[in-house]
Amino acid sequence: MANSGNSIKLDEIREIAAGSLTINYQNLGGILLRDAYRIWMTNNTNGDAYLSINGGLFNQMKVRSGSGRAYDNKTNDSFFGANTQFKIKWAAMPGVPAGWFTIEVEYV
């Protein structure tokens, strides 16, 4: 049976060590070079994190410590657009930061 869809490709992982996070927004990897249809966020740190895609003007997503989030936007024919920059910061500084935070991206 032939596949009539497009080929899914993987983008580079955007990752930051917990020890590099602060309570001020900073870039989480580079900008998206292509429209992103599926995104997985994994917060493997010991603190809650806020994310923003509006330049850090305000908190847009909160990813709790030890949790993850998945967006399957291809199903709804939507996407995070090219040139989107994810920014990240601690919701509150944990005692001793540990772990890492990643964003994995798929595009067509």
Side-chain angles (χ1 to χ4, degrees):
M1 175 181 251
N3 183 344
S4 61
N6 292 318
S7 170
I8 296 291
K9 297 162 189 73
L10 300 174
D11 203 1
E12 66 181 90
I13 292 178
R14 287 152 178 83
E15 183 171 25
I16 191 165
S20 298
L21 290 173
T22 69
I23 57 171
N24 298 309
Y25 272 114
Q26 61 185 294
N27 292 346
L28 177 53
I31 63 168
L32 295 177
L33 298 177
R34 301 161 199 84
D35 296 340
Y37 293 97
R38 292 187 188 103
I39 294 180
W40 290 265
M41 298 176 186
T42 305
N43 183 353
N44 190 35
T45 72
N46 59 342
D48 298 344
Y50 283 123
L51 293 170
S52 175
I53 59 171
N54 68 358
L57 296 176
F58 53 83
N59 305 329
Q60 294 180 291
M61 293 176 259
K62 185 173 188 176
V63 185
R64 301 232 179 253
S65 171
S67 72
R69 194 178 274 202
Y71 292 93
D72 183 2
N73 295 320
K74 183 72 173 141
T75 302
N76 300 321
D77 199 27
S78 59
F79 52 86
F80 284 97
N83 297 313
T84 296
Q85 174 66 68
F86 289 93
K87 292 190 173 280
I88 187 170
K89 72 176 184 175
W90 287 120
M93 205 61 192
V96 179
W100 45 263
F101 192 106
T102 61
I103 295 181
E104 299 170 56
V105 175
E106 287 183 358
Y107 63 94
V108 176

Distance (rounded to the nearest 0.5 Å) between Asp48 CG and Asn43 CG
7.0 Å
Intermediate values then yes/no, ring pair (Phe, Tyr, Trp, His ring centres under 6.0 Å), Tyr37 and Phe80:
CA-CA 7 Å; Tyr37 293 97; Phe80 284 97; over 10 Å; no
Side-chain touch Phe86/Ile53, heavy atoms, less than 4.5 angstrom
yes
Hey, are the side chains of Thr102 and Met41 touching, using non-hydrogen atoms and a 4.5 Å cut-off?
no
Measuring from Tyr50:OH to Leu21:CG, what's the distance to the nearest 0.5 Å?
14.0 Å
Do Val63 and Ile88 sit in the same hydrophobic cluster, where Ile, Leu, Val, Met, Phe, Trp and Tyr count as joined when their side-chain heavy atoms come under 4.5 Å apart?
yes
Measuring from Leu32:CG to Gln85:CD, what's the distance to the nearest 0.5 Å?
8.0 Å
Does any part of the side chain of Arg69, heavy atoms only, come nearer than 4.5 Å to the side chain of Met61, both counted from C-beta?
yes
For Ser52 and Gly56, the nearest pair of non-hydrogen atoms, with its separation, is OG-N, 3.1 Å
Between Ile23 and Met93, is there a side-chain heavy-atom distance shorter than 4.5 Å?
yes
Ile103 vs Ile39, test: side-chain contact (heavy atoms from CB on, under 4.5 Å). Steps then yes/no.
CA-CA 7 Å; Ile103 295 181; Ile39 294 180; 3.5 Å; yes
Does Val105 form a side-chain contact (heavy atoms from CB on, under 4.5 Å) with Tyr71? I'd like the steps, not just the answer.
CA-CA 10 Å; Val105 175; Tyr71 292 93; over 6 Å; no
For Ala18 and Pro97, the nearest pair of non-hydrogen atoms, with its separation, is O-CB, 3.5 Å
Just wondering, do Arg34 and Lys9 contact through their side chains at under 4.5 Å, heavy atoms?
no
Side-chain (Asp35) to main-chain (Ala82) donor-acceptor, under 3.5 angstrom:
yes
Distance col, row Glu104:CD vs Arg14:CZ, nearest 0.5 angstrom, shows 11.0 Å
Can you find a side-chain donor-acceptor pair between Lys87 and Asn27 that sits under 3.5 Å?
yes
Do Asn24 and Trp90 make a side-chain contact, defined as non-hydrogen atoms from C-beta onward lying under 4.5 Å apart?
no
Would you say that Thr84 contacts Ile31 through its side chain, given a criterion of any heavy-atom pair below 4.5 Å between the two side chains?
no
Check: Asn44/Thr42 side-chain N/O donor and acceptor closer than 3.5 Å:
no
Taking atom CZ of Phe101 and atom OG of Ser65, what is their separation to the nearest 0.5 Å?
11.0 Å
